[in-house]
Structures are given as structure tokens and as C-alpha cells.
Amino acid sequence: MTTELPRVVHVDDAPPNTRRGGDLRAMLTPTAVGATSGFMGVAIVRPGERIGEHYHPYSEEFVFVVSGDLEVDLDGVSQPLKPDHGLMIPIGMRHRFRNVGDTEARLVFHLGPLAPRPDLGHVDTEETPQSGPPEHLKAVS
């Protein structure tokens with residue numbers, strides 16, 4: 001039995017990952033907190049942004065929409081995702097998330113079980129255009 005309390009992680013403690021669109025923050029991971037069965041994070045998707053199509057060959061993905069209006073494409077079939085909706089994406093199912101509203105969308109995701117190695121956990125099936133920083137963060141020239 002351990003006497004050490006679990007680590008609390010704030011979203012700002014997780015480095016942003018924008019390679020696949022949106023701003024993905026893997027928060028409760030094997031590296032950050034010693035997780036052994038999966039990992040959890042939050043996706044922040046601005047209006048008009050998307051998280052590119054991909055699949056997970058080893059993990060189910062559980063999603064909970066906190067805010068915003070999204071559409072999810074599941075093996076090419078689109079359906080709406082609204083606040084307080086939950087979704088379980090089976091292993092191997094292609095999926096992409098699109099913010100179709102006019103406000104930021106946030107969704108919590110959990111993937112488990114873990115892939116044998118992190119580089120095997122995620123397979124991209126399309127390229128996602130990179131978006132720049134929000135207008136208010138761009139340098140004035």
C-alpha cells in the first residue's frame with residue numbers, strides 16, 4: 001500500500017499537441033501519473049477546426065463532450081455530439097471530430113488499454129491542416 005497521494009494534473013500542465021488538429025492535452029498518462037491501464041486528456045477544438053481522421057489499433061476511446069457543438073465521423077458516418085453526450089469508439093474504428101459551432105468545444109477522452117508502445121497507439125488516415133495561433137496571440141508586424 002502506498003502512502004503517497006495521486007498527482008493532480010491541471011490542463012495547463014499538459015503540453016499542447018496540435019499535430020492532428022485541435023489542441024489535444026494528454027493529462028493522466030503513464031509518464032505523468034504512472035497510469036497502467038490507459039490515459040485521459042482533454043481536446044480543445046476552436047470553431048471550424050477538426051481533429052483529423054485516425055483510429056486506435058489497441059484501444060477503445062471513451063469521449064465525453066463538456067462544451068461546444070461537434071460532429072463526429074465514425075467510419076464515414078456523421079453524427080452530432082453535444083454537451084453531456086458520451087461516446088465509446090471501438091478498437092479500429094476510423095473517427096474524426098469537427099467543431100461545427102461558433103464557440104470553443106471541449107471533450108474529455110480516455111483510451112484503454114494502452115498500446116504496447118506509444119507510437120503504435122494512433123494511426124492517422126488523413127493529413128490535417130495546421131492552424132496558426134488565435135488572432136489575439138499573433139505578433140503585430
Side-chain angles (χ1 to χ4, degrees), residues 1-140:
M1 183 171 165
T2 182
T3 58
E4 194 173 314
L5 290 176
R7 179 173 175 227
V8 174
V9 178
H10 188 276
V11 68
D12 292 338
D13 295 335
N17 177 344
T18 59
R19 287 189 316 263
R20 295 178 176 99
D23 177 356
L24 305 176
R25 306 281 179 115
M27 296 173 60
L28 305 178
T29 66
T31 303
V33 298
T36 59
S37 64
F39 68 94
M40 191 227 61
V42 64
I44 304 163
V45 188
R46 295 184 309 217
E49 283 187 332
R50 72 174 189 221
I51 297 169
E53 187 184 79
H54 62 281
Y55 68 92
H56 307 283
Y58 296 94
S59 307
E60 296 173 325
E61 183 169 4
F62 299 84
V63 174
F64 179 77
V65 179
V66 176
S67 63
D69 291 319
L70 297 157
E71 284 187 2
V72 61
D73 300 323
L74 302 167
D75 279 345
V77 178
S78 182
Q79 64 184 67
L81 279 179
K82 306 280 186 188
D84 296 333
H85 281 173
L87 170 67
M88 193 280 290
I89 302 168
I91 292 172
M93 179 173 275
R94 293 177 298 116
H95 54 285
R96 100 172 39 84
F97 298 93
R98 294 176 282 119
N99 183 335
V100 295
D102 57 4
T103 61
E104 177 183 275
R106 287 188 177 231
L107 55 105
V108 174
F109 59 88
H110 176 272
L111 282 89
L114 293 170
R117 295 190 327 253
D119 61 308
L120 299 176
H122 189 110
V123 178
D124 293 313
T125 54
E126 70 180 0
E127 284 193 37
T128 304
Q130 298 296 303
S131 60
E135 288 298 320
H136 71 280
L137 295 179
K138 289 183 180 176
V140 178

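Just so it is clear, the structure is predicted and the values come from calculations on it, not from any experiment.
- The stretch residues 54-72 participates, sequence neighbours left out, in these salt bridge (Lys or Arg N to Asp or Glu O under 4.0 Å) pairs: Asp69-Lys82, Glu71-Arg98.
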**Message:** Does Asp124 form a side chain to side chain contact (heavy atoms under 4.5 Å, CB included) with Arg20? I'd like the steps, not just the answer.
**Reply:** CA-CA 8 Å; Asp124 293 313; Arg20 295 178 176 99; 2.8 Å; yes
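- In this structure, NE2 on His95 lies 8.0 Å from CG on Leu74, to the nearest 0.5 angstrom.
- Within the 4.5 Å cutoff, the side chain of Leu114 has no heavy atoms near those of the Thr36 side chain.
- Counting all heavy atoms, side chain and backbone alike, Gly121 lies closest to Pro57 at O-CD, 3.7 Å.
- Listed by first then second residue, pairs satisfying salt bridge (Lys or Arg N to Asp or Glu O under 4.0 Å) with a partner in residues 25-40 read Asp23-Arg25, not counting sequence neighbours.
- In this structure, the ring pair (Phe, Tyr, Trp, His ring centres under 6.0 Å) partners of His122, at least two apart in sequence or on a different chain, are His54, His56.
- Each ring pair (Phe, Tyr, Trp, His ring centres under 6.0 Å) pair with one or both residues in residues 57-81, not counting sequence neighbours, would appear here, but there are none.
- Applying the side-chain hydrogen bond (donor to acceptor under 3.5 Å, both in side chains) test to every pair with at least one member in residues 100-111, sequence neighbours left out, gives these pairs: Glu104-Arg106.
- Residues satisfying the side chain to side chain donor-acceptor pair (under 3.5 Å) criterion with Glu126, sequence neighbours excluded, are Arg96.
- Taking the side chain to side chain contact (heavy atoms under 4.5 Å, CB included) definition, one finds that Leu81 meets it with Val65, Leu70, Val72, His85, Leu87, Phe97, sequence neighbours left out.
- Partners of Pro47 under the side chain to side chain contact (heavy atoms under 4.5 Å, CB included) rule, at least two apart in sequence or in another chain, are Asn99.
- The two residues Ala35 and Gly38 have their closest heavy-atom pair at CB-O, 3.3 Å.
- Across all their heavy atoms, Pro83 and Gly68 have their closest contact at CD-O, 3.2 Å.
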**Request:** Decide side chain to side chain contact (heavy atoms under 4.5 Å, CB included) for Val66 and Leu107; before the verdict, give the C-alpha distance in whole Å, the side-chain angles of both, and the deciding distance to 0.1 Å.
**Result:** CA-CA 5 Å; Val66 176; Leu107 55 105; over 6 Å; no
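- Taking CG from Asp75 and CD1 from Ile89, the interatomic distance works out to 10.0 Å, rounded to the nearest 0.5 Å.
- Distance CD1/Ile51 to CD1/Ile44: 10.0 Å, rounded to 0.5 Å.
- Taking CE of Met27 as the start and CG of Asp12 as the end, the distance is 9.0 Å to the nearest 0.5 Å.
- Shown here are the salt bridge (charged side-chain N to carboxylate O under 4.0 Å, His left out) partners of Asp84, two or more places apart in sequence or in another chain: there are none.
- By the side chain to side chain contact (heavy atoms under 4.5 Å, CB included) test, Arg7 pairs with Val9, Asp13, Ala32, Val33, sequence neighbours left out.
- In this structure, Ser78 contributes its side chain and Asp73 its backbone to no donor-acceptor pair below 3.5 Å.
- Here the side chains of Leu28 and Phe39 are not in contact, with every heavy-atom distance at 4.5 Å or above.
- For the side chain to side chain contact (heavy atoms under 4.5 Å, CB included) test, no residue two or more places apart in sequence or in another chain qualifies with Pro113.
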